[in-house]
Amino acid sequence: MKETIRNLIAEALDKARDAGQLDLNCSPEIVVEEPRDKKMGDFSTTIAMALAKTEKKNPRVIAEAIAGNMKTTDGDLAGVEIAGPGFINLKMEPSFYLNGLLEVAKRGTGFGNCDLGKNQKVLLEFVSANPTGPLHVGHGRGAAVGDMLGALLKKAGYEVFKEYYVNDVGNQMNTLGRSTWLRYQELYGKNIDFPGDHYQGEYINDVARSVQEEKGDSLLEKAEDEVLPYFREFSARYILDGIKEHLQAFRVEFNGWFSEESLYEGDSVDRIIDGLKDKGYVYEKDGAVWLKTTDFNDEKDRVVVKQSGDRTYFCSDIAYHQNKIKRGFDKIINIWGADHHGYVARMQAVVKTLGFDLENFHTLLVQFVALKRGGEKVAMSTRSGEFITLDEVVREVGVDATRFFFLMRSSDSHLDFDMDLAKKETPENPVFYIQYAHARICSIFRTAEEQGFALPDVSKIKLSRIKEKEELDLVKKILAYPEVIQKSAEALEVHRVSFYLQELVGQFHSYYNKHRIVTDDKELTLARLFLVDCLRTLIRSGLGLLGVSAPEKM
RNA sequence: GCGCCCGUAGCUCAGCUGGAUAGAGUGUCAGACUCCGAAUCUGAAGGUCGCGCGUUCGAAUCGCGCCGGGCGCACCA
């Protein structure tokens with residue numbers, strides 16, 4: 001929509017130049033925006049102010065030269081005005097918008113798709129919680145953001161691959177296995193001194209009971225060294241299965257689960273390190289192997305292989321990212337919890353040493369979630385095992401509300417998640433506000449059908465009957481959707497869509513309260529039904545991105 | 001001490017990457033269903049955009065310095 005306006009202005013600029021009114025020895029970007037105050041017009045541009053410097057003329061003089069070269073006699077342009085220091089304000093004919101509506105009808109939920117991504121392949125890695133315990137609410141936020149970003153990027157023309165990185169290597173796995181082993185022994189009445197640095201959560205008992213079901217007491221008398229591998233693998237698998245189940249219940253799907261352990265099959269990790277050594281990025285010191293991340297803005301170099309010969313987590317990450325690059329992705333996006341922000345610099349260093357363009361490497365940090373209940377913050381601590389799991393929240397407040405609450409805020413802002421509010425089926429709850437609009441439209445159609453109305457072919461609808469201020473505003477808002485999609489995909493900011501939907505639906509509710517859709521006037525009714533049908537399509541599309549359902553009845 | 005994020009209405013947050021008189025929701029107050037769903041709508045009140053300099057035609061937005069809150073600063077994962 002704005003593109004059309006931009007072209008109109010560009011044409012006027014050319015004419016002004018041809019007529020010798022402007023020099024135009026440079027071509028600045030034409031900024032088109034919608035003025036806050038609608039009285040000022042439908043669109044406005046600051047081009048005259050931007051040109052003031054190079055043209056060495058008063059912005060108002062420039063504005064007049066441009067405005068003078070815009071036709072209002074035919075086409076969609078209704079009026080041009082100059083205001084303030086040199087804003088050029090444009091008013092459009094209703095037809096301009098109404099014709100845009102046909103596009104919605106034609107493309108359905110595909111309306112708003114764009115070619116920003118040009119089919120580039122994107123790897124989206126998110127959640128990636130260690131398989132040492134169930135997902136908590138913080139992971140849930142990352143899951144919702146990642147899932148929606150995937151949907152958004154797909155809509156914006158990218159080919160998206162969503163991946164979960166499973167950290168199934170390292171000491172933590174041994175600790176996990178041992179935790180289960182100890183709890184297992186406890187089940188048989190053994191008095192165990194459970195170490196403080198082992199996993200304290202109640203879920204470990206569940207794992208132990210599951211071992212009991214499978215193996216009975218057959219492992220009880222065996223030596224720890226002998227059974228530990230079994231406990232380790234059993235626990236990891238059990239917990240990962242739980243994670244998968246909870247994510248699925250939360251409507252988050254992954255295309256791939258990447259095992260850290262798989263990186264170490266063969267000698268590929270050593271080869272990568274050797275490769276970096278040849279390039280001079282890796283050196284040895286104090287018996288350890290280091291990567292010179294300080295060459296790329298990190299505050300200190302990082303250990304890749306420990307003195308002990310063990311490889312660090314960081315080492316795996318190097319190999320993992322090398323793997324991502326090798327798989328041919330054009331764009332790599334990681335979504336991490338904000339507590340990992342200290343790793344951003346070093347991962348950028350890694351990606352750069354591996355020869356990947358940093359322009360196409362993004363790390364999104366999702367800030368913490370503070371859970372609230374009855375106005376009180378719920379204390380959480382992973383170490384002590386006292387935390388609220390994602391699954392508990394989802395069971396209590398439902399998938400729709402949980403997802404929406406995670407997606408309604410900018411992800412780099414801390415989130416207060418008020419469970420009591422999320423559960424309320426009242427106007428205070430923004431999820432229902434949007435879903436209600438959808439249900440309401442469906443209800444309108446039920447009424448309309450009872451009265452014998454059915455939407456005919458688009459060509460038979462008299463769009464010109466749509467002329468109330470509220471409905472034209474609504475049409476305008478509908479047509480802003482593609483831009484919202486594009487902008488939020490560019491910025492990797494998922495919350496913009498949520499805000500847009502709330503605004504969109506708000507306009508509908510106002511309109512609905514002021515004007516009747518189904519009336520005695522058949523032509524008018526059909527035109528309005530058509531408008532509202534387009535809106536319904538859009539709500540479905542938007543809620544679809546959020547992964548929130550669009551119910552026909554509530 | 002260093003680094004990242006945040007600071008906007010009583011509360012929770014937007015603010016389209018520098019534009020016109022800073023916006024929503026919620027809460028408070030006052031109103032609207034014999035009529036397509038009142039889970040809705042209309043109106044009022046509510047602001048030194050944390051503070052101070054600077055950049056320019058123009059700053060909530062950009063830069064620097066403070067103040068306050070959160071989170072990180074491992075040869076853990």
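Below, chains carry the letters A, B, ... as their sequence lines are ordered, and counting in each starts from 1.
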> Using a cut-off of 4.0 Å on non-hydrogen atoms, how would the nucleic acid contact of A:Gln435 be classed: base, sugar-phosphate, or nothing?
Replying inline: nothing
> Can you tell which of B:A14, B:A77, B:C75 lies closest to the side chain of A:Lys300?
Replying inline: B:C75
> Between B:C73, B:C5, B:C41, which nucleotide gets closest to the side-chain atoms of A:Tyr433?
Replying inline: B:C41
>> Between B:A20 and A:Ser44, counting only base atoms on the nucleotide and side-chain atoms on the residue, is there a donor-acceptor pair under 3.5 Å?
In response: yes
> At under 4.0 Å between heavy atoms, what does A:Val169 touch on the DNA or RNA strands: base, sugar-phosphate, or nothing?
Replying inline: sugar-phosphate
> Between B:A24 and B:G15, how far is it from one C1' atom to the other, in whole Å?
Replying inline: 10 Å
> Where the side chain of A:His341 is concerned, which of B:A77, B:A14, B:G72 is the nearest nucleotide?
Replying inline: B:G72
> Would one find more than 12 heavy atoms of other residues, nucleotides or ligands at under 6.0 Å from atom NZ of A:Lys522?
Replying inline: no
> For B:U17, does either OP1 or OP2 sit under 4.0 Å from a side-chain N or O belonging to A:Lys487?
Replying inline: yes
> What nucleic acid atoms does A:Asp286 come within less than 4.0 Å of, heavy atoms only: base, sugar-phosphate, or nothing?
Replying inline: base
>> I'd like to know if the side chain of A:Tyr500 reaches the main chain of A:Lys477, judged simply by a donor and an acceptor atom lying under 3.5 Å from each other, with no hydrogens or angles considered.
In response: yes
>> Heavy atoms from C-beta onward define the side chain here; which of B:G15, B:A77, B:G37 lies closest to that of A:Glu493?
In response: B:G15
> Taking the side chain of A:Ser413 as its heavy atoms from C-beta onward, which of B:C5, B:C36, B:A14 lies nearest to it?
Replying inline: B:A14
>> Give me the distance, rounded to whole Å, that separates B:A60 from B:G7 when you measure between the P atoms they each carry.
In response: 15 Å
> Which part of the nucleic acid, if any, lies within reach of A:Gln307 when heavy atoms closer than 4.0 Å are counted: base, sugar-phosphate only, or nothing?
Replying inline: base
>> Nearest to the side chain of A:His495, heavy atoms from C-beta on, is which of B:C36, B:U17, B:A14?
In response: B:A14
>> Using ring centroids (six-membered ring only for Trp), state whether A:His509 and A:Tyr512 fall under 6.0 Å.
In response: no
>> Taking the P atom in each of B:C5 and B:U48, what is the distance between them to the nearest angstrom?
In response: 27 Å
> For the side chain of A:Asn89 and the base of B:A20, is some donor closer than 3.5 Å to an acceptor across the two?
Replying inline: yes
>> Distance check, C1' atoms only: B:G50 and B:C57, in whole angstrom units.
In response: 28 Å
>> Is it the case that the ring center of A:Phe453 lies less than 6.0 angstrom away from the ring center of A:Phe445?
In response: no
> Base, sugar-phosphate alone, or nothing: which one does A:Phe499 contact when heavy atoms must sit under 4.0 Å apart?
Replying inline: sugar-phosphate
> Where the side chain of A:Leu365 is defined as all heavy atoms beyond and including C-beta, which of B:C4, B:G37, B:A14 is the nearest nucleotide?
Replying inline: B:C4
> Nearest heavy-atom pair of A:Val494 and A:Leu407: which atoms, and what distance?
Replying inline: CG1-CD2, 3.5 Å
> Of A:Phe87 and A:Tyr511, whose closest RNA chain B nucleotide lies nearer the 5' terminus?
Replying inline: A:Phe87
> In what stems does RNA chain B take part, counting only runs of at least 3 consecutive Watson-Crick or G-U pairs whose two distances fall under 3.5 Å?
Replying inline: B:1-7 with B:67-73, B:10-13 with B:23-26, B:28-32 with B:40-44, B:50-54 with B:62-66
>> Looking at A:Asn297, I want to see if its CG is surrounded by more than 12 non-hydrogen atoms of other residues, nucleotides or ligands under 6.0 Å.
In response: no
> If you check every side-chain atom of A:Ala439, which of B:G69, B:G37, B:C36 has the closest atom?
Replying inline: B:G37
> Between A:Arg311 and B:A77, does any side-chain N or O lie under 4.0 Å from OP1 or OP2?
Replying inline: no
> When you check the glycosidic angle of B:C66, does it come out syn, meaning within 90° of 0, or anti?
Replying inline: anti
> Taking the same atom, C1', in B:C11 and in B:A74, what whole-Å distance lies between them?
Replying inline: 40 Å
> Of the candidate nucleotides B:A14, B:A38, B:U40, which contains the atom at the shortest distance from the side chain of A:His509?
Replying inline: B:U40
>> With ring pair (Phe, Tyr, Trp, His ring centres under 6.0 Å) as the rule and sequence neighbours excluded, what pairs involving residues 513-532 of chain A come up?
In response: A:Tyr511-A:His515
> Counting heavy atoms not belonging to A:Glu233, are there more than 12 under 6.0 Å from its CD?
Replying inline: yes
>> At less than 4.0 Å, is any side-chain N or O atom of A:Tyr512 found next to OP1 or OP2 of B:A39? Yes or no.
In response: no
> Taking the C1' atom of each, how far is B:A20 from B:G58, in whole Å?
Replying inline: 10 Å
> For atom C1', what is the distance between B:A9 and B:A45, given to the nearest Å?
Replying inline: 11 Å
> Which word best sums up how the rings of A:Phe234 and A:Tyr238 line up, parallel for under 30°, tilted for 30 to 60°, or perpendicular for over 60°?
Replying inline: parallel
> For RNA chain B, what residues of residues 470-482 of chain A have any heavy atom nearer than 4.0 Å?
Replying inline: none
> Just wondering, more than 12 heavy atoms not from A:Glu490 lying within 6.0 Å of its CD?
Replying inline: yes
>> Please classify B:U17 as syn or anti, treating any glycosidic angle within 90° of 0 as syn.
In response: syn
> Taking OP1 and OP2 of B:C36, is either one under 4.0 Å from a side-chain nitrogen or oxygen of A:Thr447?
Replying inline: no
> Taking A:Phe258 as the fixed residue, which of A:Tyr320, A:Phe126, A:Tyr164 is the one that meets the ring-ring contact (aromatic ring centres under 6.0 Å, His included) rule?
Replying inline: A:Tyr320
> When all nucleic acid strands are considered with a 4.0 Å heavy-atom cut-off, which category describes A:His438: base, sugar-phosphate, or nothing?
Replying inline: nothing
> Looking at the side chain of A:Ile517, which of B:G19, B:C36, B:G37 is the nearest nucleotide?
Replying inline: B:C36
>> If I pick the P atom on B:U28 and the same atom on B:A22, what distance separates them, to the nearest angstrom?
In response: 27 Å
> Going through the distances and angles, do A:Asn167 and A:Gln172 end up as a side-chain hydrogen bond (donor to acceptor under 3.5 Å, both in side chains)?
Replying inline: CA-CA 9 Å; A:Asn167 299 119; A:Gln172 55 169 1; 5.2 Å; no
>> With hydrogens left out and only the distance checked, is there a donor-acceptor pair under 3.5 Å joining A:Tyr343's side chain and the base of B:A77?
In response: yes
